[in-house]
Asker: 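One structure follows; several queries about it will come next.
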Amino acid sequence: MYINAAVVARRHARAMAIIELVARIFLSTIFIAAAPRHFTAAAIAHAAELGVPLARIAVPLSGALAIVGGASVLVGFHARWGALALVAFLVPVTFGMHAFWRLSDPVAVHVQQAMFVKNVAILGGVLLVAIHGAGAIAFD
């Protein structure tokens, strides 16, 4: 049986391009879906209660970073810069809003620890986009 290496390589490249696109869709969804809440009084009040400095400015700014970065990664337009915007969003949010080590209630510790680790995992995905770019199916 003869296997054409060029055909196999093209199929592999096509499959990888589709997987990269699906991964970007999955990764960006959390930012785009959650961002609108950052423009509400409830979100600003919650952040202020947690001690976020200048919450009236910081929370909407974080929402803008989430929307712009998430959309950039989603469509693959300047995805590396969009991913860096998401890094700028994730680092302060992760350490400021999910600081489980400051809590004493075991249930709250568990919830915030899970949220913290989730954000760290997402940060890993965002850093991969920042390093490698959007992939083959993108506007870049």
Side-chain angles (χ1 to χ4, degrees):
M1 176 175 195
Y2 174 75
I3 298 175
N4 185 331
V7 171
V8 172
R10 278 194 303 275
R11 287 182 183 159
H12 180 264
R14 236 179 286 135
M16 292 307 295
I18 292 168
I19 291 168
E20 289 166 341
L21 173 62
V22 170
R24 285 196 344 259
I25 292 168
F26 289 169
L27 183 61
S28 63
T29 299
I30 193 167
F31 297 103
I32 295 167
R37 184 175 187 282
H38 291 240
F39 300 97
T40 66
I44 293 167
H46 178 67
E49 288 171 12
L50 292 173
V52 172
L54 302 168
R56 295 179 67 93
I57 297 168
V59 174
L61 179 61
S62 70
L65 283 171
I67 289 171
V68 170
S72 171
V73 168
L74 175 66
V75 300
F77 182 72
H78 297 292
R80 286 186 167 117
W81 286 105
L84 291 175
L86 295 177
V87 169
F89 166 84
L90 277 169
V91 171
V93 166
T94 301
F95 286 94
M97 300 294 290
H98 305 300
F100 63 90
W101 54 89
R102 291 188 208 147
L103 304 173
S104 57
D105 175 46
V107 174
V109 168
H110 175 74
V111 169
Q112 291 308 317
Q113 188 174 33
M115 298 295 282
F116 182 90
V117 173
K118 171 202 51 103
N119 279 15
V120 170
I122 293 169
L123 184 57
V126 168
L127 288 171
L128 285 172
V129 174
I131 293 166
H132 297 287
I137 303 173
F139 284 104
D140 277 348

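The figures here come from the full heavy-atom set of this structure, side chains too, leaving out hydrogens, waters and symmetry mates.
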Asker: For Ala108, what residues pass the side chain to side chain contact (heavy atoms under 4.5 Å, CB included) criterion, not counting sequence neighbours?
Answerer: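 Once residues adjacent in sequence are excluded, the partners of Ala108 under the side chain to side chain contact (heavy atoms under 4.5 Å, CB included) criterion are Leu103, Asp105.
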Asker: Which residue pairs satisfy the side-chain hydrogen bond (donor to acceptor under 3.5 Å, both in side chains) criterion with at least one member in residues 57-75, sequence neighbours excluded?
Answerer: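 Every pair satisfying side-chain hydrogen bond (donor to acceptor under 3.5 Å, both in side chains) with a residue in residues 57-75: His38-Ser62.
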Asker: Write down the atom of Leu27, the atom of Val126, and the distance for their closest heavy-atom approach.
Answerer: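 Taking every non-hydrogen atom into account, CD2-N, 3.9 Å.
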Asker: Any chance you could lay out the side chain to side chain contact (heavy atoms under 4.5 Å, CB included) test for Glu20 and Ile137, step after step, and finish with the verdict?
Answerer: CA-CA 8 Å; Glu20 289 166 341; Ile137 303 173; over 6 Å; no
Asker: Who passes side chain to side chain contact (heavy atoms under 4.5 Å, CB included) against Phe26, sequence neighbours left out?
Answerer: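 Per chain and number, Phe26 pairs via side chain to side chain contact (heavy atoms under 4.5 Å, CB included) with Val22.
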Asker: How long is the gap from CE on Met16 to CD1 on Ile19, to the nearest 0.5 Å?
Answerer: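 Going from the CE atom of Met16 to the CD1 atom of Ile19 covers 5.5 Å.
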Asker: Under the side chain to side chain contact (heavy atoms under 4.5 Å, CB included) rule, collect the residues that match up with Ile44, sequence neighbours excluded.
Answerer: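 Partners of Ile44 under the side chain to side chain contact (heavy atoms under 4.5 Å, CB included) test: Ala55, Arg56, Val59, Pro60.
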Asker: Please give me the minimum heavy-atom distance between Ser28 and Gly70, naming the atom from each residue.
Answerer: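 The answer is CB-O, 3.2 Å.
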Asker: Using the test ring-ring contact (aromatic ring centres under 6.0 Å, His included), find all partners of Phe39 that sit at least two apart in sequence or belong to another chain.
Answerer: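 Expected list: none.
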Asker: Applying a strict under-4.5 Å side-chain criterion to I, L, V, M, F, W and Y, I'd like to know whether Leu86 and Leu128 cluster together.
Answerer: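 Cluster IDs for Leu86 and Leu128 differ.
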Asker: Quick one: closest heavy-atom pair of Val73 and Ala79, and the distance?
Answerer: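 So the two residues come closest at CG2-O, 4.0 Å.
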Asker: Does anything in residues 56-77 pair up under ring-ring contact (aromatic ring centres under 6.0 Å, His included), and if so which pairs, sequence neighbours excluded?
Answerer: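 Of all non-adjacent pairs touching residues 56-77, none passes ring-ring contact (aromatic ring centres under 6.0 Å, His included).
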Asker: Given the rule that I, L, V, M, F, W and Y join up when any side-chain heavy atoms are under 4.5 Å apart, are Leu123 and Phe89 in one cluster?
Answerer: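 Same cluster: Leu123 reaches Phe89 through Ile, Leu, Val, Met, Phe, Trp or Tyr contacts under 4.5 Å.
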Asker: Strictly by side-chain hydrogen bond (donor to acceptor under 3.5 Å, both in side chains), give each pair with a member in residues 116-131 just once, sequence neighbours left out.
Answerer: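 Qualifying pairs, neighbours excluded: Thr94-Asn119.
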Asker: For the atom pair CD1 (Ile122) and CG (Leu127), what is the distance rounded to the nearest 0.5 Å?
Answerer: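 It comes to 12.0 Å.
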Asker: Is the count of non-hydrogen atoms from other residues, nucleotides or ligands lying under 6.0 Å from Ile30 atom CD1 greater than 12?
Answerer: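 No, not enclosed.
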Asker: Do you know which two heavy atoms are closest between Gly63 and Ala35, and how far apart they sit?
Answerer: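 For Gly63 and Ala35, the tightest heavy-atom pair comes out as O-CB, 3.7 Å.
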Asker: Are Phe31 and Leu74 packed together at the side-chain level, in the sense that at least one heavy-atom pair is separated by less than 4.5 angstrom?
Answerer: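 Counting from C-beta outward, Phe31 and Leu74 never come under 4.5 Å.
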Asker: Out of curiosity, does Val129 fall in the hydrophobic cluster containing Leu84 (side-chain heavy atoms, cut-off under 4.5 Å, transitive links)?
Answerer: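 The answer is no; the residues belong to distinct hydrophobic clusters.
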Asker: Mind checking what makes side chain to side chain contact (heavy atoms under 4.5 Å, CB included) contact with Ala6, not counting sequence neighbours?
Answerer: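 Per chain and number, Ala6 pairs via side chain to side chain contact (heavy atoms under 4.5 Å, CB included) with Asn4, Arg10.
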Asker: Tell me the side-chain hydrogen bond (donor to acceptor under 3.5 Å, both in side chains) pairs involving residues 39-55, sequence neighbours left out?
Answerer: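 Residue pairs passing side-chain hydrogen bond (donor to acceptor under 3.5 Å, both in side chains), neighbours aside: none found.
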Asker: Would you indicate whether the side-chain heavy atoms of Ile67 and Ile32 approach each other to under 4.5 Å?
Answerer: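 No, side chains not in contact.
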Asker: Tell me, which pairs form a side-chain hydrogen bond (donor to acceptor under 3.5 Å, both in side chains) where one or both residues lie in residues 76-85, sequence neighbours left out?
Answerer: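 Matches after skipping sequence neighbours: none remain.
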Asker: I need the full list of ring-ring contact (aromatic ring centres under 6.0 Å, His included) pairs touching residues 107-140, with sequence neighbours left out, sorted by first then second residue.
Answerer: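 Residue pairs with at least one partner in residues 107-140: Phe95-Phe116, Phe100-Phe116, Trp101-Phe116.
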Asker: In the single-linkage hydrophobic clustering (I, L, V, M, F, W, Y; side-chain heavy atoms under 4.5 Å), do Val68 and Val93 co-cluster?
Answerer: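 Different clusters.
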Asker: What pair of heavy atoms forms the shortest contact from Ala138 to Gly76, and how long is it?
Answerer: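 Taking every non-hydrogen atom into account, CB-O, 3.5 Å.
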Asker: Tell me, please, which residues at least two apart from Gln112 pass side chain to side chain donor-acceptor pair (under 3.5 Å).
Answerer: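 Side chain to side chain donor-acceptor pair (under 3.5 Å) check on Gln112 returns His98.
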Asker: When hydrophobic residues are tied together by side-chain contacts of less than 4.5 Å, even through go-betweens, does Val52 share a cluster with Ile57?
Answerer: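 Result: no, two separate clusters.
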